[in-house]
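What follows is a short report on a single structure.
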There are 2 protein chains.
Amino acid sequence: MLKHKHDHDACIETALEAAQKICEERETRFTPLRRRVLELVWTKHEPITAYEVLDMLSEGQKRVAPPTVYRALDFLIEEGFVHRIESLNSFVGCSDPAHKHQGHFMICTKCSNVTEMNERSLHDVIKKAAEENGYSYENSILEIAGICENCRN
Amino acid sequence: MLKHKHDHDACIETALEAAQKICEERETRFTPLRRRVLELVWTKHEPITAYEVLDMLSEGQKRVAPPTVYRALDFLIEEGFVHRIESLNSFVGCSDPAHKHQGHFMICTKCSNVTEMNERSLHDVIKKAAEENGYSYENSILEIAGICENCRN
DNA sequence: GCACTGAATGTTATAAAATATCAAGCAATC
DNA sequence: GATTGCTTGATATTTTATAACATTCAGTGC
Ligand SMILES: [Zn+2]
Ligand SMILES: [Zn+2]
Ligand SMILES: [Zn+2]
Ligand SMILES: [Zn+2]
């Protein structure tokens, strides 16, 4: 769960190192571009849009084109380092990249912070509900809107 | 739950009549445009995009502009006659318009049919999970991808 | 070293989805 | 029939995402 105050530089660094390590294990290529995009996603530490990434990526150099960003994001999502928030057309770093999974989120409608829920039990309930309705389960998007603890105080 | 075979004309008519009745009760305006858009949504009976509605709406007359469609859809969503499927940028008629609610869906990845789950228990589990994580619950998007019973046979 | 290969990135153009803004029409009330 | 507020029309633009093709780059075999 996202803490509102924490050592954010360390937080970014941890995410980058974890990604690096996983890519080595999987023999996938954690290129400088992909690394940089993942860094930018974590730097915001709130849902970030592809075009926000694009703008940040373009600072101090020739402007990059949308496919550059979308391809990097696709890779990061594929590897499970980033999740897409459908209801916001945005992207957020995964809090548990070591285990590939579909993210389930809570989104604060006041501060825009997003909290990833890694609850096996909830996942199981959803899967069971699908099967009871005759569907074989593939994956699920769960995005809960609400007000976070900080914002209520 | 959506049946793959049913009297679809009657199905559309039922939805339109229900909407009409609810609007009369609420004293909101079920205008010809709004009625027509709801009819088109039900006519497809699968998730339909705003621009598909736009194309159908434009047949045999001057092409309508996007805001016309989005405003009608906004009204229908507000009234609870239509739900938006975030993961598909699409819209679908609500199976239970009499009770305002957030829809929870299962989407068949083969035939694109969508089934609305009206399960109080699942809703409660999700709400409880949010509250346990410190969030006050406002609403939630649940979109489960899988293969429907028909497509597995 | 040098050619070959496939993956990654660059580049240009376009598609798809949604909204901002202002004008015109219409319906209810007075 | 004038006023008011809601609805729709119309124009332009923004935001989000992808198609298609060219170039670069890293690894492999020679
Ligand atoms: Zn995750
Ligand atoms: Zn908050
Ligand atoms: Zn519904
Ligand atoms: Zn199916």
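Side chains are part of it too, since the values below use all heavy atoms of this structure and drop only hydrogens, waters and symmetry mates. Sequence lines set the chain letters: A, B, ... in the order given, protein chains first and strands last, and positions in each chain run from 1.
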Using a cut-off of under 3.5 Å, enumerate the N/O to N/O pairs linking the protein to nucleotides 18-27 of chain D.
none

Would one find more than 12 heavy atoms of other residues, nucleotides or ligands at under 6.0 Å from atom NZ of B/K127? no

Between A/R36 and A/E39, does any NZ, NE, NH1 or NH2 come within less than 4.0 Å of an OD or OE carboxylate oxygen? yes

Round to the nearest Å and state the distance from B/F91 atom CZ to C/dA17 atom C1'. 9 Å

Euclidean distance, atom CZ of residue A/F75 to atom P of C/dT9 [Å, nearest integer]: 9 Å

Value for CD (A/E79) from SG (A/C23), rounded to nearest 0.5 Å, stands at 5.0 Å

Is the terminal nitrogen or CZ of A/R35 (NZ for Lys, CZ for Arg) located under 6.0 angstrom from the six-membered ring centre of A/F30 and within 45° of that ring's axis? no

How long is the line joining CZ of B/R63 and C1' of D/dT8, in whole Å? 17 Å

Let me know the distance between CD of B/E27 and C1' of C/dA27, rounded to the nearest Å. 14 Å

Can you measure A/L88 atom CG to C/dA18 atom P for me and round it to whole angstrom units? 14 Å

If you look at every strand shown and take non-hydrogen atoms under 4.0 Å, does B/R35 touch a base, only sugar-phosphate, or nothing? nothing

Are any of A/T68's side-chain N or O atoms less than 4.0 Å away from OP1 or OP2 of C/dT9? no

Determine, step by step, whether A/H104 and A/S140 satisfy the side-chain hydrogen bond (donor to acceptor under 3.5 Å, both in side chains) criterion, reporting the C-alpha distance in whole Å, the side-chain angles of both residues, the deciding distance to 0.1 Å, and the verdict. CA-CA 8 Å; A/H104 290 164; A/S140 62; 3.1 Å; yes

Using the salt bridge (charged side-chain N to carboxylate O under 4.0 Å, His left out) rule, take B/D124 and B/K128 through it: C-alpha gap first, then chi angles, then the decisive distance, then the call. CA-CA 6 Å; B/D124 288 345; B/K128 185 155 161 275; over 6 Å; no

Between A/L33 and B/A50, which is nearer to the 5' end of DNA chain C once each is assigned its nearest nucleotide? A/L33

Tell me whether the side-chain N/O atoms of A/T31 come closer than 4.0 Å to OP1 or OP2 in C/dA8. no

Atom CD1 of B/I48 and atom P of C/dA16 are separated, to the nearest Å, by 15 Å

Between atom CD in B/E78 and atom P in D/dT7, what is the gap in whole Å? 11 Å

Rounding to a whole Å, what distance do you find between A/F30:CZ and C/dT9:C1'? 16 Å

So, does B/K62 get its side chain near the phosphate of D/dA10, meaning an N or O under 4.0 Å from OP1 or OP2? yes

With A/H101 via ring-ring contact (aromatic ring centres under 6.0 Å, His included) - residues at least two apart: A/H83

Closer to the 5' end of DNA chain D via nearest nucleotide, is it B/N89 or B/P32? B/P32

Return the nearest nucleotide to the side chain of A/T49; candidates are C/dT9, D/dT16, D/dG9. D/dT16

